[in-house]
Undergrad: 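Sharing a structure, written as structure tokens. Questions coming.
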Amino acid sequence: GAGVSQSPSNKVTEKGKDVELRCDPISGHTALYWYRQSLGQGLEFLIYFQGNSAPDKSGLPSDRFSAERTGGSVSTLTIQRTQQEDSAVYLCASSLKTGLGAYNEQFFGPGTRLTVL
Amino acid sequence: GESVGLHLPTLSVQEGDNSIINCAYSNSASDYFIWYKQESGKGPQFIIDIRSNMDKRQGQRVTVLLNKTVKHLSLQIAATQPGDSAVYFCAENRGGATNKLIFGTGTLLAVQP
């Protein structure tokens, strides 16, 4: 079946420009996550969506970062006024509904490689 | 701050040998620990997980050991194959409503034919 898909696969932008990254989760998965992976590093949590609940934005590094999830499915991560330190691979993951005491496997997309010149 | 870290950034093994990848964690409240494999240009792929009330779990050619006393996690791969070459991450799930994962920095496993 279809997994998590992300677009574009690569994005090169100039410093100061805005970018939008898209994530299509697995159908039926109500939980969606964004992570950032800098070169040679592990993944850093950015933001989490679960159904209609308020998102957990605790991992967003600055107010230049924002994300939306429309209709409980597709999500867009927006970075405004990009900086060179924003260069990284941005990964999206989805899972079945989460909750206290419940753990469900997160399935990752291939990521979007963002390069800010 | 609290983190999950790895002892060995690079591990080189001969094909057919067993591999052991180690990981240290600092949060004793974590409920689940997960190992992911990441091949070049791809997203992380789930390998195996273990809950905090267990000390060992086996999968196909893989075994995860959890030592809560010293906050140590390891991944053992039996009869390592060239296809096992990748970066391996341990991650901890601290439970709660968000289920977010805290990742270590990764270990590169290089399998020599």
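Letters A, B, ... are given to chains in the order of the sequence lines, protein chains preceding strands, and every chain is numbered from 1.
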Undergrad: Where do A:Tyr35 and B:Phe103 land on the side chain to side chain contact (heavy atoms under 4.5 Å, CB included) test, with the steps shown first?
TA: CA-CA 10 Å; A:Tyr35 293 87; B:Phe103 283 82; 3.9 Å; yes
Undergrad: Can B:Tyr25 be reached from B:Val64 by stepping across I, L, V, M, F, W or Y side chains whose heavy atoms are under 4.5 Å apart?
TA: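 Both belong to a single hydrophobic cluster.
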Undergrad: Under 4.5 Å from any heavy atom of chain A, what part of B:Gln38 do you find: side chain, backbone, both or neither?
TA: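 It is the side chain, since no backbone atom gets that close.
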Undergrad: Got a second to check how far A:Tyr48's OH is from B:Lys100's NZ, nearest 0.5 Å?
TA: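 NZ of B:Lys100 is found 11.0 Å from OH of A:Tyr48.
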Undergrad: Sequence neighbours left out, cut at 3.5 Å: what donor-acceptor pairs do the side chains of residues 8-18 of chain A make with other protein atoms?
TA:
residue, atom, partner, partner atom, Å
A:Asp18, OD1, A:Arg81, N, 2.8

Undergrad: Is A:Leu91 in contact with chain B via its backbone, its side chain, both, or neither, using a 4.5 Å heavy-atom distance?
TA: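 Looking at A:Leu91, just its side chain touches chain B.
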Undergrad: After noting the C-alpha distance and the side-chain angles of A:Phe108 and B:Phe46, does the key distance pass the side chain to side chain contact (heavy atoms under 4.5 Å, CB included) rule?
TA: CA-CA 9 Å; A:Phe108 284 83; B:Phe46 172 90; over 6 Å; no
Undergrad: Which bit of A:Gln37 comes within less than 4.5 Å of chain B, counting heavy atoms only: side chain, backbone, both or neither?
TA: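 Side chain only.
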Undergrad: Scan for disulfide (SG to SG under 2.5 Å) pairs involving residues 7-77 of chain A, sequence neighbours excluded, and state none if there are none.
TA: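 Found A:Cys23-A:Cys92.
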Undergrad: Does atom CG (A:Leu39) have a neighbourhood of more than 12 heavy atoms from anything else shown, all under 6.0 Å?
TA: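 Counting other residues, nucleotides and ligands, CG of A:Leu39 stays at 12 neighbours or fewer.
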Undergrad: Within a radius of less than 6.0 Å around CG of A:Asn52, do more than 12 heavy atoms belonging to other residues, nucleotides or ligands occur?
TA: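 Incorrect, the count does not exceed 12.
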Undergrad: Kindly compute the distance separating CD (A:Gln106) from CG (B:Asn93), expressed to the nearest 0.5 Å.
TA: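 Spacing of CD (A:Gln106) from CG (B:Asn93) equals 7.0 Å.
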Undergrad: Has the side chain of A:Tyr33 got a donor or acceptor atom that lies under 3.5 Å from a matching backbone atom of B:Leu101?
TA: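 No, because the side chain of A:Tyr33 does not come within donor-acceptor range (under 3.5 Å) of the backbone of B:Leu101.
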Undergrad: Should we count CD of B:Gln112 as having more than 12 external heavy atoms under 6.0 Å?
TA: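 Yes, CD of B:Gln112 has more than 12 neighbouring heavy atoms, counting only those of other groups under 6.0 Å.
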